[in-house]
Every structure is written in structure tokens, then in C-alpha cells.
There are 2 protein chains.
Amino acid sequence: MSAASQPTFSCKMHDHQCCITAALENAEQLCLQQSKRFTNIRRRVLELVWQQHKPIGAYEVLELLQRDKRTAPPTVYRALDFLQQMGLVHRIASLNAYVGCAHPGEPHDGQFLICESCHSLAELDIPEISNAINRSAADSGFTTRRQTVEIMGLCPDCRHPG
Amino acid sequence: MSAASQPTFSCKMHDHQCCITAALENAEQLCLQQSKRFTNIRRRVLELVWQQHKPIGAYEVLELLQRDKRTAPPTVYRALDFLQQMGLVHRIASLNAYVGCAHPGEPHDGQFLICESCHSLAELDIPEISNAINRSAADSGFTTRRQTVEIMGLCPDCRHPG
DNA sequence: TTTTGAAATGTTATAATGTAACATTGTCAG
DNA sequence: CTGACAATGTTACATTATAACATTTCAAAA
């Protein structure tokens with residue numbers, strides 16, 4: 001299940017509910033370990049992000065939350081910010097959207113393959129890439145704190161349709 | 001002046017007017033070659049982007065344009081879109097902002113070093129990075145069309161102040 | 001158990017970024 | 001000249017995000 005060896009595109013069929021459950025339990029443990037509160041809203045937002053299982057916008061999350069209860073944007077953004085800080089979701093800058101992190105636990109930046117046809121997304125975490133970036137930055141005297149790597153194109157299924 | 005060997009951070013002192021003039025002449029030639037119209041607005045927007053000489057938002061450009069003449073957002077966005085398509089400016093997704101391209105002519109994605117302290121920016125174009133990305137994507141069966149690489153951290157001057 | 005203070009959430013309003021749709025103007029090939 | 005297409009003007013609005021302050025919740029200390 002390593003993302004590096006076999007990334008999973010999010011629109012492909014697989015046991016979805018299993019993902020979600022696993023992600024939520026994982027998150028719960030992580031918060032417990034770090035003495036952070038995994039509140040209802042935070043849990044619910046993470047669940048919605050995983051349910052969508054492809055990049056989802058903050059206002060989409062908001063709309064889903066509002067089916068249960070009147071909610072305002074700051075609530076969603078706060079939850080998403082928290083989840084980001086915990087490394088439980090990633091924000092995809094080029095989409096203004098969020099995805100569940102494929103392997104939370106250790107903070108990492110990851111690399112994202114974004115299919116422009118089916119809008120699926122896969123997370124990579126290839127040391128070769130991040131190292132090459134860190135090295136080049138260092139060569140310019142630059143200190144890297146964070147890197148954003150987003151790759152737009154066609155996923156295998158959309159490349160070879162049928 | 002290769003960006004790869006010696007990237008220039010945009011907040012550093014150098015002959016600014018020279019940059020701007022060169023960029024504008026360069027752009028004019030490029031448009032001529034490709035039978036595209038380098039209109040007043042397009043020229044003016046490119047000039048403003050280069051004058052700022054660090055990432056500038058669309059609405060900042062708008063404000064500067066409006067010192068001369070009443071202008072609406074679509075005018076700015078259209079000009080920026082055109083300049084992007086021509087490879088004359090890059091959009092920095094993580095900043096919602098634009099910078100002049102350090103070496104237009106051939107379409108390329110580039111990599112961007114963004115200083116979180118002084119907000120300067122330097123463009124790299126390191127084949128090692130883009131190749132590593134393309135290779136990893138290909139390994140996952142993914143066809144890359146475009147890549148976004150944005151590196152947040154501290155530029156040399158902000159790292160070693162004084 | 002109660003207090004209490006910090007964290008989390010609610011609420012209202014608004015800022016910042018970006019685009020749709022249609023009208024008008026400019027440019028140039030024929 | 002003129003017709004047609006590209007570029008720009010204009011209005012209105014959509015989308016994304018945050019500021020500021022009120023209220024609630026929760027857990028630890030008294």
C-alpha cells in the first residue's frame with residue numbers, strides 16, 4: 001500500500017468505506033498521541049473529504065455539512081486548517097481543494113498527480129523528487145521549509161480509454 | 001545569466017529598468033514571431049509585472065492600471081492569461097500572483113523559490129527536477145502535461161541577515 | 001464539585017480572487 | 001471600403017477566504 005510503489009488514483013473502484021474508516025481511526029489515534037482534540041466537526045470534515053475521495057473544495061464540504069446543520073465558512077476552514085496541520089489532509093494549491101492524506105503520521109509535502117480528465121488524484125512521496133528540489137534550492141543558498149509539487153496530466157485510465 | 005546556475009532573487013538590487021526594458025523588447029519580438037498582437041494593455045501589464053519585480057496579484061495590477069484609466073478585472077485577467085500562454089509570465093499558484101518569466105521563448109514550467117520573509121522570488125529551471133517528476137509520473141502510468149513546483153522558505157539574504 | 005481559563009465553535013460581515021455574458025471597438029485581409 | 005474576427009469595455013456575479021467578536025465546551029486546578 002506504499003504510495004510510492006503503487007499510487008492509487010482516487011476515482012478508481014475499491015473498498016471506499018474501508019478507506020474512510022481506516023482514515024478516521026488513524027486520525028483519532030494521531031490526535032490522541034499528540035493531545036489534540038478530534039472533535040465532531042473535525043471528524044465529520046475529514047470523513048467528507050475521504051468520502052468524496054477526490055479533491056473537494058471547502059465550499060463543497062460546507063454544503064455537505066449544511067445538510068445536517070446550519071454552518072458558516074469559518075467552521076469549515078478551521079477544521080481544514082487543523083487537519084492540514086495534523087497532516088491528515090493536503091491542500092492542492094492549483095485546485096483550491098483538499099484531499100485526504102494517503103499516509104499521515106509524519107509531516108511531509110508529497111507530490112500530486114492530478115488527472116485533468118476524470119479529476120482523480122494520486123499522492124506520491126518520492127524522495128528522489130523532494131531531494132532533487134532540496135538540493136537545487138540549497139545550491140542557490142535557499143532554505144526550504146515546504147515544497148508544492150503538483151503534476152497535471154492524464155491518469156492511466158484516461159490515457160488509454162476503453 | 002542562466003537561471004539554473006545563478007538564480008536572481010527579485011528583491012535584490014540590480015538594474016531594474018534594464019530588466020524591464022529587456023523583457024518588453026523580448027516580448028515584442030516573441031509576439032511578432034508568433035503573429036500575436038502585443039497590444040498596449042498587454043505591454044502595460046507586462047511592464048507592471050516586471051516593475052514590481054516580485055509576485056504581484058491581479059488586483060494589484062488592476063489598481064496600478066486604474067491610475068491611468070478606469071479598468072475592470074477581466075481586462076487584467078485577459079492580459080495575464082495571454083502573457084501566460086505566451087510564456088511571458090508565470091502564475092504562482094500558492095500565492096495567487098504573477099511574475100515575469102526569467103527566460104521566455106520556449107514554453108516551460110520552471111521551479112520557484114519563494115522567500116517567506118522578504119517575498120522575493122527566483123525562478124529555476126533544473127532539468128534534474130522536472131525529469132525526476134516526469135519519470136516518477138510515468139512510472140505510475142501518468143502522462144504529464146504540466147508541473148507546478150513551488151518552494152517556500154528563506155532566501156540567502158533572509159537566512160543570513162546583516 | 002465547582003470554577004475557570006483556554007480552545008473550539010458560532011455568527012456576521014466582508015475581503016480577495018476570478019469569470020460569464022454581452023456590447024463595443026479596433027485591425028487587417030480581401 | 002468592408003466584413004469578420006480579435007481585442008477590449010462593461011456589468012454583474014461567482015468562488016474562495018478571512019477578520020472580528022460572541023458563545024460554548026472541556027478539562028484541569030482549586
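Below, all heavy atoms of this structure are taken into account, side chains as well, without hydrogens, waters or symmetry copies. None of the values given here were measured: they were computed from a predicted structure.
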message = Between A:Thr75 and C:dG10, is there a contact of a side-chain N or O with OP1 or OP2 at under 4.0 Å?
response = yes
inquiry  = Expressed as a whole number of angstroms, how long is the span from B:Arg70:CZ to D:dT10:P?
reply    = 6 Å
C:dT9 phosphate, OP1 or OP2, under 4.0 Å from A:Thr39 side-chain N/O = yes
request  = Mark yes or no for a side-chain to base donor-acceptor pair under 3.5 Å between B:Arg37 and C:dG26, with no hydrogen or angle criteria applied.
outcome  = no
request  = Nearest whole angstrom, please: distance from the C1' of C:dT14 to the OH of A:Tyr77.
outcome  = 14 Å
ask   = Over how many whole Å does the gap from A:Asn40 atom CG to D:dT24 atom P extend?
value = 17 Å
key: First encountered from the 5' end of DNA chain C, between A:Pro73 and A:Phe82   = A:Phe82
task = Grab the CD-P distance between A:Glu63 and D:dA14 for me, whole Å please.
result = 14 Å
ask   = Would you call B:Arg135 and A:Glu128 a salt bridge, using N to O less than 4.0 angstrom?
value = yes
query = Which of these nucleotides, C:dT11, C:dT17, D:dT16, is closest to any side-chain atom of A:Arg91?
reply = D:dT16
ask   = For A:Tyr59 and D:dT16, is the gap between ring centres under 5.5 Å while the planes differ by less than 30°?
value = yes
ask   = Can B:His90 and B:Glu150 be counted as having a side-chain donor-acceptor contact under 3.5 angstrom?
value = no
query = In whole angstrom, what separates B:Asn96's CG from D:dT18's P?
reply = 10 Å
request  = Would you please confirm or rule out a distance under 4.0 Å between OP1 or OP2 of D:dG9 and any side-chain N or O of B:Lys69?
outcome  = yes
message = So if I take every side-chain heavy atom of A:Ala72 and compare against D:dA17, C:dT12, D:dT10, which nucleotide ends up nearest?
response = C:dT12
message = For a quick test of reading the model: is some side-chain N or O of B:Arg42 closer than 4.0 Å to OP1 or OP2 of D:dA7?
response = yes
Euclidean distance, B:Ile20 CD1 relative to B:Leu46 CG, rounded to 0.5 Å = 9.5 Å
inquiry  = Rounding to an integer number of Å, can you tell me how far A:Gln66 CD sits from C:dT9 P?
reply    = 16 Å
Worked verdict on A:Phe82 versus A:Lys36 for side-chain contact (heavy atoms from CB on, under 4.5 Å) = CA-CA 10 Å; A:Phe82 171 83; A:Lys36 303 288 184 185; 3.9 Å; yes
ask   = B:Leu95 has an atom CG; how far is it from atom P of D:dA17, in whole Å?
value = 14 Å
message = Does a side-chain N or O of B:Arg78 approach OP1 or OP2 of C:dA20 to a distance below 4.0 Å, or not?
response = no
Interatomic distance, B:Ile114 atom CD1 to A:Arg145 atom CZ [nearest 0.5 angstrom] = 10.5 Å
ask   = For the pair made of CG in B:Asp81 and P in C:dA20, what is the distance, rounded to whole Å?
value = 10 Å
query = Can you tell which of C:dT19, C:dT11, D:dT8 lies closest to the side chain of B:Ile41?
reply = D:dT8
